[in-house]
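Everything on this sheet refers to the single structure shown next.
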Amino acid sequence: MTELLNVDDVIARILHAMQPLPSDPVPLLDALGRVLAKDIHAGQDVPAFASSAMDGYAVRAEDVISASHEHPTRLRVVADIPAGVQPDVRLGAGEAARIMTGAPLPEGADAIVRVEDTGDQWASDGQAALPETVDVFQAAKPGRDVREPGETVRAGALVLARGVTLRAQDVGVLASIGHAAAAVTRRPRVAILSTGTELVEPGQPLRQGQIFNSNGVMLAALVTEAGGDPIVLPAARDTVLDVRACFDDALAQQPDVIISSAGVSVGTHDVVRTVISALGHLELWRVNLRPGKPLAYGDVGGVPFFGLPGNPVSVMVTFEVFVRPALDRLLGLSGEGRPVITATLSQDLASDGRRSYLRVRLERDSGDWVARPIGMQSSAELLALAQADGLMIIPEGLRHVPAGGRYPVRLLRSLPATD
Ligand code: AMP
Ligand code: MG
């Protein structure tokens, strides 16, 4: 019996072959969730000009140095400055300009007095006539409620680093420095092949001995979640002819990656290997992992190929362990995968010495997360995976795993906030 390969070594070998895909500019409206391909530096100061942070009056601080409720300072109102308009006045001694939030500061002004600190009865509908004078009730230091140029971002500063997955606020930042598009890594095109004579597409009638193809759509969903573009091919029967035709169709779509499920174990009908040997190069790895020991990896016509097991749970686990990091690398991400927490195992377990990914429910217990294995941990039992909060990772080399052990759990859903 050949020795089982270490999971991390296998991941390292896979990643070695993956380089980030080229980037495309996309309009900001399409940039959400995409991976930024280039560092973004500000082309100019933000804000670009000194402006008011408040609705009120632009003043010369020295004029209002002794202003108070008891002894207001009366200033002459010489201008009205709405946002978006460059003022053409210069404040002289004893003068003020009514100003709105975001409006440019007039020359000569160095501070803002908020309207509520003046005697002006401001109409909230913006219709108030400009008064001739205003009484200031409070002293203001120079710079008070003034947004200085470059206060948020200096020209040339790094605003967003490549490799970040763009969120709404990141897209907003790009817009705030005048970008209409973002250079993002192209989404990996991932062809998905399901093989098995027993497979019927959901929605079709099921005959004796047949099962619905759940791997196909699940893999498509996983690929989409991981930032790729799935190309789902119709399921192939377990014949060399059918599987060969399916791979030819997949290659015609010019994918960046091909994933197949089933047909790579040692069953007599496992024809995927036969087909790949003709089209490219295949290694059949026995990985020290449960579920998902047999993993085929290679290239088909120059395209990286993952031959995942057939059992749905093994499909998802091997996708998470091997395929997601590869897609992350293609996208230019650092590739941490789904978040990981540490939890306490609720019960004694027997293990078989392989690295195991257990479906667990997570419960809160006196400030700790407790992981309770669910279902029979069979690799065919997809429902338990759907009910799981995460996959607890039991390291290799263990036969007896006592309750109370603390192990990492890769989260399959977000957890409620805890204190
Ligand atoms: P195999 O790798 O062909 O030996 O398949 C292992 C198990 O996974 C068998 O019980 C198959 O019926 C099942 N299986 C294979 N492909 C799929 C699929 N696309 N959807 C659901 N189950 C599958
Ligand atoms: Mg089969």
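We count ligands from 1, going down the list as the structure has it; atoms in each ligand are counted the same way. The structure presented is a predicted model; accordingly, all values stated were derived computationally and were not measured.
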> Can a non-hydrogen atom of G196 be found less than 4.0 Å from any atom of ligand 1?
Replying inline: no
> By number and element, which atoms of ligand 1 are closer than 4.0 Å to a non-hydrogen atom of N213?
Replying inline: 18 (C), 19 (N), 20 (N)
> Among protein heavy atoms, which sits nearest to atom 7 (C) of ligand 1, and what does the distance come to when rounded to 0.1 Å?
Replying inline: N311 OD1, 3.4 Å
>> Would you say that F305 contacts L282 through its side chain, given a criterion of any heavy-atom pair below 4.5 Å between the two side chains?
In response: yes
> Does an N or O from E198, backbone or side chain, lie closer than 3.5 Å to an N or O of ligand 1?
Replying inline: yes
> What is the nearest protein non-hydrogen atom to atom 21 (C) of ligand 1, stated with its residue, atom name and distance?
Replying inline: S214 OG, 3.3 Å
>> Quick test: of every protein heavy atom, which one is nearest to atom 13 (C) of ligand 1, and how far off is it to 0.1 Å?
In response: G310 O, 3.8 Å
> Testing I192, V264, V323, V317 for side-chain contact (heavy atoms from CB on, under 4.5 Å) with L308, which one passes?
Replying inline: V323
> Can you find an N/O atom of V264 closer than 3.5 Å to an N/O atom of ligand 1?
Replying inline: no
>> Ring centroids only, cut at 6.0 angstrom: are F306 and F322 within range, meaning strictly under it?
In response: no
> Counting heavy atoms only, which part of D238 comes closer than 4.0 Å to ligand 1: side chain, backbone, both or neither?
Replying inline: neither
> Judged by atom type as modelled, is there a donor-acceptor pair below 3.5 Å linking the side chain of D238 to the main-chain atoms of T197?
Replying inline: yes
> How close does the nearest protein non-hydrogen atom get to atom 18 (C) of ligand 1, and which residue and atom is it?
Replying inline: N215 ND2, 3.1 Å
